[in-house]
Q: 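This is the structure, below, for whatever I ask next.
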Amino acid sequence: MTTVSNPMVATKVLIIEDDPNIVDLIRSNLVVRGFDTVVSAGSKVVDLFDLEQPDMVLLDLMLPGADGFELCRELRERSSVGIIVVSAKGGEQDKVTALNMGADDYLTKPFGIEELLARIRATMRRTRPVAEAPAEPAPARIAVGGLTINLASKQVQLAGAEVRLTPTEFALLRELAINRGKLLSRAHLLRQVWGHGYEAETEYVRTYISRLRAKLEPPGSQPLIVTRQRAGYLIPAEGRGAAGAGSADLPDCGRPPQAC
């Protein structure tokens with residue numbers, strides 16, 4: 001493989017797509033930019049995934065003989081690899097389902113190749129970030145009740161037990177934790193976690209907040225993340241639990257994540 005000072009050169013992309021025209025479009029544009037590519041039409045994907053260990057997966061949902069949603073879930077259970085769904089299914093529920101299954105991003109066909117490349121780069125910044133100096137110094141470790149967040153190792157423990165988060169889940173939790181006590185709008189979280197150009201993808205934040213709650217808020221425990229309806233989210237400041245956060249704050253709205 002040619003080595004140049006480009007963080008994308010060493011990136012291996014697994015393209016799971018059965019339409020040869022789309023495969024040719026994606027593959028040719030990735031190869032010319034220095035990516036390695038591996039292609040599967042949907043059969044024996046898991047075996048190929050384990051063999052190739054890609055850095056990024058581009059996943060079509062409508063595959064012959066395979067359920068794209070279940071495949072997304074299975075890949076996510078095996079790895080924290082970046083997963084971008086590229087599908088003709090453009091409904092919000094399809095998008096929310098894919099995100100709940102572990103996808104990092106969702107691109108609807110037809111798409112422009114520059115948009116696809118931008119989304120690949122944005123996902124790679126979260127799943128395999130290049131070392132760079134932080135804009136503001138952050139503590140190495142943050143404790144919120146029984147939750148411990150190690151920002152350096154990207155490890156999270158709840159009551160002493162390790163909790164496995166995807167890179168996107170960790171990035172969202174990190175942003176909330178380092179701004180503890182501050183109300184963060186959905187647009188802010190989308191810019192900081194997913195990147196510029198994602199400000200309209202509000203279902204991304206709703207779905208991933210729901211995923212964090214499922215992993216970090218055991219039944220009967222005090223809520224970690226508070227929803228302020230139509231305004232945003234926050235982790236309450238130390239000594240100020242969800243009950244004291246204000247009448248407009250909803251620790252868990254009791255409705256599907258789309259409504260929170």
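If you're wondering where the values come from, they're calculated on a predicted model, not measured in any experiment.
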Q: Of the non-hydrogen atoms in L158 and P218, which two are nearest, and what is the gap between them?
A: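 Heavy-atom minimum between the residues: CD2-CG, 3.8 Å.
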
Q: Using side-chain heavy atoms (C-beta onward) and a distance below 4.5 Å, is S80 in contact with F170?
A: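 A side-chain contact is absent here, since even the closest heavy-atom pair is not under 4.5 Å.
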
Q: With a 4.0 Å cut-off, would you call D50 and K44 a salt bridge?
A: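 No, D50 and K44 are not salt-bridged.
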
Q: When you group the ILVMFWY residues by side-chain heavy-atom contacts below 4.5 Å and let the links chain together, are V31 and L58 in the same group?
A: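 In one cluster: no.
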
Q: Where do V205 and R186 come nearest, in terms of heavy atoms and distance?
A: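 Shortest heavy-atom contact: CG2-O, 3.9 Å.
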
Q: Applying the 4.5 Å side-chain criterion to the ILVMFWY set and letting contacts propagate, would L151 and I235 be lumped into a single cluster?
A: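 Hydrophobic grouping puts L151 with I235.
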
Q: Taking L173 as the fixed residue, which of L165, T168, I142, V144 is the one that meets the side-chain contact (heavy atoms from CB on, under 4.5 Å) rule?
A: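 Filter result, single survivor: L165.
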
Q: Would you say that I16 contacts D60 through its side chain, given a criterion of any heavy-atom pair below 4.5 Å between the two side chains?
A: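 When only atoms from C-beta onward are counted, D60 and I16 do not touch, as no gap falls below 4.5 Å.
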
Q: Between R33 (side chain only) and N29 (backbone N and O only), is there a donor and an acceptor less than 3.5 Å apart?
A: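 Yes, R33 side chain to N29 backbone: donor-acceptor pair under 3.5 Å.
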
Q: How far apart are the closest heavy atoms of A122 and W194, and which atoms are they?
A: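 The pair with the smallest heavy-atom distance is CB-O, 3.5 Å.
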
Q: With the side chain counted from C-beta on, respond yes when I26 and E17 share a heavy-atom pair under 4.5 Å apart, and no when they do not.
A: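 Answer no - side chains too far apart.
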
Q: Can you tell me how far the CG atom of D105 sits from the CZ atom of R126, to the nearest 0.5 Å?
A: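 Nearest 0.5 Å value for the CG-CZ distance: 6.5 Å.
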
Q: A quick test of your reading: do over 12 heavy atoms of other residues, nucleotides or ligands sit less than 6.0 Å from NZ of K109?
A: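 Buried by this count: over 12 neighbours within 6.0 Å.
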
Q: Which heavy atom of Y208 sits nearest to which heavy atom of D104, and what is that distance?
A: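 Here Y208 and D104 meet closest at OH-CA, 3.7 Å.
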
Q: Could you state the interatomic distance from CD (E175) to CZ (R191), rounded to the nearest 0.5 Å?
A: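 These two atoms lie 10.5 Å from each other.
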
Q: State, yes or no, whether a side-chain contact exists between M101 and E74 at a heavy-atom distance under 4.5 Å.
A: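 No, too far: nothing below the 4.5 Å cut-off.
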
Q: Got L30 and L117 here, is their nearest side-chain heavy-atom distance under 4.5 Å?
A: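 Heavy-atom side-chain distance check passes, below 4.5 Å.
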
Q: Apply salt bridge (charged side-chain N to carboxylate O under 4.0 Å, His left out) to residues E201 and R119 and explain how you reach the verdict.
A: CA-CA 13 Å; E201 305 282 4; R119 287 174 182 257; 3.7 Å; yes

Q: Can you tell me how far CD1 of I15 sits from CE of M56, rounded to the nearest 0.5 angstrom?
A: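 The CE atom of M56 sits 11.5 Å away from the CD1 atom of I15.
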
Q: Given the rule in the side-chain contact (heavy atoms from CB on, under 4.5 Å) test, do F69 and N100 qualify, once you have shown the distances and angles that lead to the verdict?
A: CA-CA 9 Å; F69 291 118; N100 270 321; over 6 Å; no

Q: Report the distance from atom CG of L224 to atom CG of L216, rounding to the nearest 0.5 Å.
A: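 The distance works out to 6.0 Å.
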
Q: Does one side chain, of D55 or T11, offer a donor that lies under 3.5 Å from an acceptor on the other?
A: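 The criterion, which ignores hydrogens and geometry beyond distance, is not satisfied for T11 and D55.
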
Q: Can you name the closest pair of heavy atoms from P54 and V81 and give their distance?
A: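 Closest pair (atom of P54, atom of V81, distance): O-CG2, 3.3 Å.
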
Q: Rounded to the nearest 0.5 Å, how far does CD of Q192 lie from CG of L172?
A: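 Nearest 0.5 Å value for the CG-CD distance: 11.5 Å.
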
Q: Got a donor-acceptor contact below 3.5 angstrom from the N179 side chain to the K182 backbone?
A: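 Judged by distance alone, no pair lies under 3.5 Å.
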
Q: With a 4.5 Å cut-off on side-chain heavy atoms, are L116 and I113 touching?
A: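 Counting from C-beta outward, I113 and L116 do come under 4.5 Å.
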
Q: With heavy-atom distances below 4.5 Å as the criterion, would you say the side chains of L14 and E52 are in contact?
A: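 No, too far: nothing below the 4.5 Å cut-off.
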
Q: Taking all non-hydrogen atoms of both residues, which atom of P236 and which atom of V226 are closest, and how far apart?
A: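 P236 and V226 have their closest heavy atoms at CG-CG2, 3.6 Å.
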
Q: Is it true that a side-chain atom of K215 and a backbone atom of R164 form a donor plus acceptor pair closer than 3.5 Å?
A: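 At least one qualifying donor-acceptor pair exists.
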
Q: Quick one: do R206 and E92 make a salt bridge, cutoff under 4.0 Å?
A: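 A salt bridge links R206 with E92.
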
Q: Taking Q157 for the side chain and T148 for the main chain, is one N or O donor matched with an acceptor at less than 3.5 Å?
A: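 Checking the backbone N and O of T148 against the side chain of Q157, no donor-acceptor pair under 3.5 Å is found.
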
Q: Looking at L75, is its backbone amide N or carbonyl O close enough to the side chain of E77 to form a donor-acceptor pair, meaning the two atoms are under 3.5 Å apart?
A: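 No, because the side chain of E77 does not come within donor-acceptor range (under 3.5 Å) of the backbone of L75.
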
Q: Look up atom CD in E203 and atom OG in S210, then write down how far apart they are to the nearest 0.5 Å.
A: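 The distance works out to 13.5 Å.
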
Q: Please check if L25 and M62 belong to a single hydrophobic cluster, counting links between Ile, Leu, Val, Met, Phe, Trp and Tyr side chain heavy atoms closer than 4.5 Å.
A: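 Each belongs to a different hydrophobic cluster.
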
Q: In terms of ring plane angle, is the pair Y198 and Y204 parallel, tilted or perpendicular, where the classes change at 30° and 60°?
A: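 Ring orientation of Y198 relative to Y204: tilted.
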
